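Worth saying up front: this structure is predicted, and the values here are computed from it rather than measured. We count residues from 1, following the sequence as given. Atoms within each ligand, like the ligands themselves, are counted from 1 in listed order.
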Amino acid sequence: MARYLTMAAAQLGPISRGDSKASVVQRLIALIRQAHERAVEFVVFPEMALTTFFPRWYIDDRDAVDAYFDSTMPSPETLPLFEEAARRRVGFYLGYCERAEEGNRIRRFNSSVLVDRDGKLLGKYRKVHVPGASENDPTLPLQHLEKLYFEDGNLGFPVFKTASATIGMAICNDRRWPETYRTMALKGAEVVVLGYNSPAQMPDWPDQNALRAFHHLVCMQSAAYQNGLWIVASAKAGREDGFDLLGHSCIIAPSGEVVALSSTLADELVPYRCDIDLAPYYKSFHDFERNRRPDQYEGLLAARGNQRSRADAEACRRYWDGGEPA
Ligand code: CDT
């Protein structure tokens with residue numbers, strides 16, 4: 001019997017710096033209600049779905065930045081979202097900023113959670129490919145200081161077997177890396193869900209501006225086909241605190257085709273009834289077990305590139321310990 005799962009990207013328009021988390025949660029709840037009305041069973045919210053994308057600024061006030069983070073999920077502010085989603089039987093992926101106590105110290109990650117249709121937390125993911133810089137450079141028209149505020153994710157790429165499909169998570173920049181998808185596909189993922197905050201323009205690399213949407217789609221379309229995956233990708237979109245974010249929230253089939261695409265830069269539900277069995281169908285075409293040649297892939301797991309630079313790690317620790325900026 002065919003397995004169908006109706007999923008939706010739950011795109012968000014801009015969230016400004018002054019917006020409370022409680023007000024954003026009301027927008028998320030509105031999207032959950034719409035999903036329920038349209039028979040959607042699982043929605044994907046963006047990366048850092050509760051706040052503005054603050055890494056675009058160097059912010060000296062650490063307490064103000066810390067207020068963007070949550071130590072528990074559900075947190076007091078997001079509990080109404082979890083309750084409403086469970087009442088409506090809509091599962092979800094939610095990106096948020098995680099404050100965790102580990103090894104006797106506080107650590108901060110760019111994270112996401114997967115929640116089933118009963119409101120039960122299935123698992124957590126911490127962004128592996130943290131992009132940008134750790135040094136404040138006020139001369140730049142647009143900064144991207146994720147490496148200052150977040151440590152690298154340390155949970156790998158877990159996948160979660162649900163009643164409808166095996167699902168893995170990624171966050172924004174992870175979608176540009178083939179290793180993200182292949183790691184999860186080898187663990188049996190049939191669906192990869194991800195949220196993003198991607199600048200619509202690159203002021204210091206303007207010849208890329210016209211290609212922003214193309215690059216966003218091309219990496220996911222090829223990954224979906226090469227790994228036999230459904231991909232649901234959800235944007236924080238539109239002009240946020242004076243900076244433009246890419247829209248193009250989408251659902252991509254294991255054939256590589258874009259089967260649903262957002263048409264606005266605002267809060268928008270982008271649903272599609274997905275035939276999950278297309279995933280094993282495309283996987284059987286590639287037949288990893290028979291045709292992969294790991295003996296010929298020397299270097300793929302070499303240490304090169306997989307160590308966060310000492311300077312980035314120190315800048316992040318110094319920032320949160322309250323020392324002078326780099
Ligand atoms: N949020 C996020 O990961 N954004 C990155 C931009 C990196 S530009 C230094 C992205 O891949 O869209």
Side-chain angles (χ1 to χ4, degrees), residues 9 11-15 44-59 65 68-69 93-98 108-112 125-153 157 169-181 192-223 231-241 243-250 252 262 265 305 308-309 311-312 315-316:
Q11 175 177 286
L12 288 177
I15 298 173
V44 179
F45 292 117
E47 171 191 38
M48 276 189 226
L50 302 170
T51 65
T52 188
F53 188 76
F54 63 86
R56 65 169 69 93
W57 303 291
Y58 177 78
I59 302 172
V65 179
Y68 292 129
F69 286 75
Y93 158 107
L94 178 74
Y96 75 108
C97 302
E98 180 195 4
R108 292 174 182 78
F109 300 99
N110 186 341
S111 299
S112 59
Y125 167 71
R126 292 171 172 165
K127 187 174 188 174
V128 165
H129 300 101
V130 176
S134 62
E135 313 84 38
N136 176 27
D137 183 351
T139 64
L140 292 175
L142 174 60
Q143 299 210 62
H144 194 104
L145 290 168
E146 274 193 67
K147 284 188 192 295
L148 178 66
Y149 298 121
F150 299 105
E151 294 187 47
D152 289 341
F157 289 99
M169 294 182 272
I171 300 180
C172 196
N173 186 252
D174 288 324
R175 76 193 186 287
R176 305 188 193 275
W177 297 84
E179 294 85 350
T180 297
Y181 310 93
V192 168
V193 292
L194 65 96
Y196 56 96
N197 284 259
S198 290
Q201 293 99 27
M202 304 280 276
D204 49 346
W205 204 5
D207 63 328
Q208 293 295 300
N209 290 347
L211 297 171
R212 293 294 288 158
F214 169 71
H215 287 156
H216 157 71
L217 291 173
V218 75
C219 57
M220 293 191 292
Q221 288 184 255
S222 55
I231 299 178
V232 184
S234 184
K236 174 108 76 51
R239 196 161 181 78
E240 183 174 85
D241 290 323
F243 297 90
D244 292 319
L245 292 170
L246 191 70
H248 285 72
S249 297
C250 56
I252 300 171
S262 62
L265 294 173
R308 183 176 174 120
S309 91
D312 288 329
C316 180

Check: Is the F150 ring parallel, tilted or perpendicular to the F69 ring (thresholds 30°, 60°)?
Finding: tilted
Margin query: Over 60° means perpendicular and under 30° means parallel, so tell me whether Y149 and F54 are parallel, tilted or perpendicular.
Written below: perpendicular
Checklist line | For D312, salt bridge (charged side-chain N to carboxylate O under 4.0 Å, His left out) partners two or more places apart | finding: none
Notebook entry, point to check: Looking at residues at least two apart in the chain, or sitting in another chain, which of them share a salt bridge (charged side-chain N to carboxylate O under 4.0 Å, His left out) with R176?
Noted result: none
Item checked: From V65, N136, D241, residue fulfilling side-chain contact (heavy atoms from CB on, under 4.5 Å) relative to W57 -> D241
Checklist line | Every residue of the protein that comes under 4.0 Å of ligand 1, judged on heavy atoms | finding: E47, F53, K127, P131, H144, E146, C172, N173, R175, R176, N197, S198
Checklist line | Residue pairs involving residues 47-59 (criterion salt bridge (charged side-chain N to carboxylate O under 4.0 Å, His left out); sequence neighbours excluded) | finding: E47-K127, R56-E240
